[in-house]
Amino acid sequence: METPLLLLGLELRCPPHLFNTHSRPSSSLSLPALSLRILTSTAATISTAVVESPATVAEAPRSKPHSNFYLKRKSAISEVQRSSDFLSSLHRLERVLKVQDLNVILRDFGISGRWQDLIQLFDWMQQHGKISVSTYSSCIKFVGAKNVSKALEIYQSIPDESTKINVYICNSILSCLVKNGKLDSCIKLFDQMKRGGLKPDVITYNTLLAGCIKVKNGYPKAIELIGELPHNGIQMDSVMYGTVLAICASNGRCEEAENFIQQMKVEGHSPNIYHYSSLLNSYSWKGDYKKADELMTEMKSIGLVPNKVMMTTLLKVYIKGGLFDRSRELLSELESAGYAENEMPYCMLMDGLSKAGKLEEARSIFDDMKGKGVKSDGYANSIMISALCRSKRFEEAKELSRDSETTYEKCDLVMLNTMLCAYCRAGEMESVMRMMKKMDEQAVIPDYNTFHILIKYFIKEKLHLLAYQTTLDMHSKGHRLEEELCSSLIYHLGKIRAPSEAFSVYNMLRYSKRTICKELHEKILHILIRGNLLKDAYIVVKDNAKMISQPTLKKFGRAFMISGNINLVNDVLKVLHGSGHKIDQVQFEIAISRYISQPDKKELLLQLLQWMPGQGYIVDSSTRNLILKNSHMFGRLLIAEILSKHHVASRPPIKSRSEPKFRST
DNA sequence: GTAGGGTTAG
């Protein structure tokens, strides 16, 4: 709910024209970026020199006594920080405190979580014109950690266009968006900033890249961003290689990860434990334990000691590679190193074993873990419940769910879903309802899985209308519907004579932009015809005629001729014919007799009769007689003229006259 | 006087 609102908010609050300024940042403002670039891209000797000089400058004042004014400012800062009514202290010390002093206080408020004070101070600084670039960047950083839209509001409130494209401020707001998982809006804003004249630096790009790590489609986006670097004169640094490697790893691109490691070595950066961790993680996708072992050897040879993350990741590789004996050994190593104090590595192994069909071995890890008193938040139980369900041991799964409910007060969505699933599979209606109530009470927002589990269960319990309601709910919450489940629901709704509900499910599926299987059109068509929802049936036919079988089209055509909306009869016939379907005589007969019984539709009858010969159709003799008998209603002359065309058309063409010769005898 | 990186079970 919050996401779309926020995204919309961004667009509303950042109309493009605000960014279309052509002002450029002053040269002094881009200096920090320049010095960073020097720091990161030059040889170690130079960078040492650059780093050392500010350090000596900073130490210099210590030998000299501080000026009176400096000491006054210092004490003013701490007075405001400690004051119970800081606004009045501020008012009193207004003349002493410089902008940078206020910034110090602002950051202090941010670090100690005094949000209200931070906002008040920021407002005060704005009102008194004591505001700088640092004020904005710090304020956005701290506010954004709690409230992104407020941070965006602050960013948008910056009156000066050139300040708005200050790289520090831009990095700060972009980082806020990334940290809140709003990569799309982040990229949008970034593009606007660039158009406004922002000169992004290495940190800007790294911030954006960090946003690509855990999103789907993050890899191509990252590659695109990396492609922009040369154009902006930016060299990748060690941190950026770390980010990029993490992206490769989370997308299973191990070859690309290897290439980046190679490239960074060539550029003179030596990989650290983070770089190696990501490379190792990239091997976990295919469970490439051979490469993982080689990597561990290389890493140790250059003196890096594997840490908890590294060893846990290695465990993941072994599990994925199906090396369960070595996984158990490694788990023991983690235990003795003190790296298995929480349930995570046990969970990984249990899950891997259960997915490999080794339920008993998973169970033994689970019991082992419980016996050791490993700290658990309930995930281990949840994995075990899933494992039991996977092996269709629903009674045990249900028992363990009960157990989890009493042991763990707090349940997250995944745990709730797992228990819900267990109760559904075991057919425990009461418990299912209890879980739903629990979710409601804890204000847990159901996800795709929750809906899927419930719908499947309701269908199983023949609560088809409830399943339908839940599907509507699922759809309205923006979740993708699954075809197989919908198809089953459509079938059952058809059976219980709920054709409009069935059609609504069909439409939700159809308009969620996916290609759906051919049989579904046919299935819904039968339901609609049986339910006499012929106008809806017509829509299905019109859009999918090519995918529907001839007998079903025929069935539809006849049903429509008999009781479909008379004004649509000609359209239906044209659509059927246009799809390549050969309309049979019976359909024309029914249509025409209906027209005759409703003289006010005579125009439609004339249109139909005029249309038929051109498509190779003629009326049969009984229909012809019927028309002639009623021709006074249409004008005898006109009817005679039209029917004469039917007569001509009824004669076989010259070519086919010779056919009987071949066919007979 | 401001901004940036790695692993994790369901």
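Below, read A as the first sequence line, B as the second, and so on, with proteins coming before strands; counting in each chain starts at 1. Computation of the quantities below employed the complete heavy-atom set of this structure, encompassing side-chain atoms and omitting hydrogens, waters and symmetry-equivalent molecules. This is a predicted model, so every value here is computed, not measured.
Under a 3.5 Å cut-off, the side chain of A/S172 and the backbone N or O of A/Y168 do not form any donor-acceptor pair.
Interface remark: the A/D237 side chain does form a donor-acceptor pair with the B/dG4 base, using a distance-only criterion of under 3.5 Å.
Counting any heavy atom pair closer than 4.0 Å across all strands shown, A/N417 reaches no nucleic acid atom. Backbone-only contact: A/N103 has heavy atoms under 4.0 Å from sugar-phosphate atoms and none from a base. No contact: A/K308 has no heavy atom under 4.0 Å from any strand. Note on A/N307: a base of the nucleic acid sits closer than 4.0 angstrom, heavy atoms only. When heavy atoms are screened at a 4.0 angstrom cut-off, A/I213 is found touching the sugar-phosphate backbone but no base atom. At the heavy-atom level, A/K98 lies nowhere under 4.0 Å from the strands shown.
In the set B/dG6, B/dA3, B/dT2, B/dT2 carries the atom at the smallest distance from any side-chain atom of A/R107. For A/A246, counting side-chain heavy atoms from C-beta on, the closest listed nucleotide (B/dG5, B/dA9, B/dG6) is B/dG6. Nearest nucleotide to the side chain of A/T243, out of B/dA3, B/dT7, B/dG5: B/dG5. When each of B/dA9, B/dT7, B/dT2 is scored by its nearest atom to the side-chain atoms of A/Y379, the top-ranked nucleotide is B/dA9. The side chain of A/V202 sits closest to B/dG4 out of B/dG4, B/dA3, B/dG6. For A/D201, the listed nucleotide lying nearest its side chain is B/dA3; candidates were B/dG4, B/dA3, B/dA9. For A/S172, whose side chain is taken as the heavy atoms from C-beta onward, the closest listed nucleotide among B/dG4, B/dA3, B/dT7 is B/dA3. Residue A/I383 has its side chain nearest to B/dA9 when only B/dA9, B/dG5, B/dT2 are considered. Distances were taken from every side-chain heavy atom of A/Q100 (C-beta onward) to each of B/dG4, B/dG1, B/dT2; the shortest belongs to B/dG1.
Counting to the nearest Å, the P atom of B/dG1 and the CD1 atom of A/I111 are 13 Å from each other. If you measure from atom CD1 of A/I131 to atom P of B/dT2, you get 16 Å, rounded to the nearest angstrom. Computed from coordinates, the A/N342 CG to B/dT7 P distance equals 16 Å when rounded to whole Å. Atom CG in A/N281 sits roughly 11 Å away from atom P in B/dG6 (whole-Å rounding). The distance from atom CG of A/L189 to atom P of B/dA3 is 17 Å, rounded to the nearest whole Å. In this structure, A/Y241 places its OH atom 17 Å from P of B/dG6, rounding to the nearest Å. Nucleotide B/dG6 holds its C1' atom 15 Å from the CG atom of A/N251, rounded to whole Å. Nucleotide B/dG6 holds its P atom 20 Å from the CG atom of A/L314, rounded to whole Å.
Ring-plane geometry between A/F142 and A/W115 is classed as tilted, the angle between the planes lying from 30 to 60 degrees on a 0 to 90 degree scale.
Around the NZ atom of A/K358, the shell of radius 6.0 Å holds no more than 12 heavy atoms that belong to other residues, nucleotides or ligands. The 12-atom threshold is not exceeded at NZ of A/K456, counting heavy atoms of other residues, nucleotides or ligands nearer than 6.0 Å.
A donor and an acceptor atom, one from each side chain of A/Y339 and A/N307, are nowhere located under 3.5 Å apart.
The aromatic ring centroids of A/Y205 and A/F190 lie less than 6.0 Å from each other.
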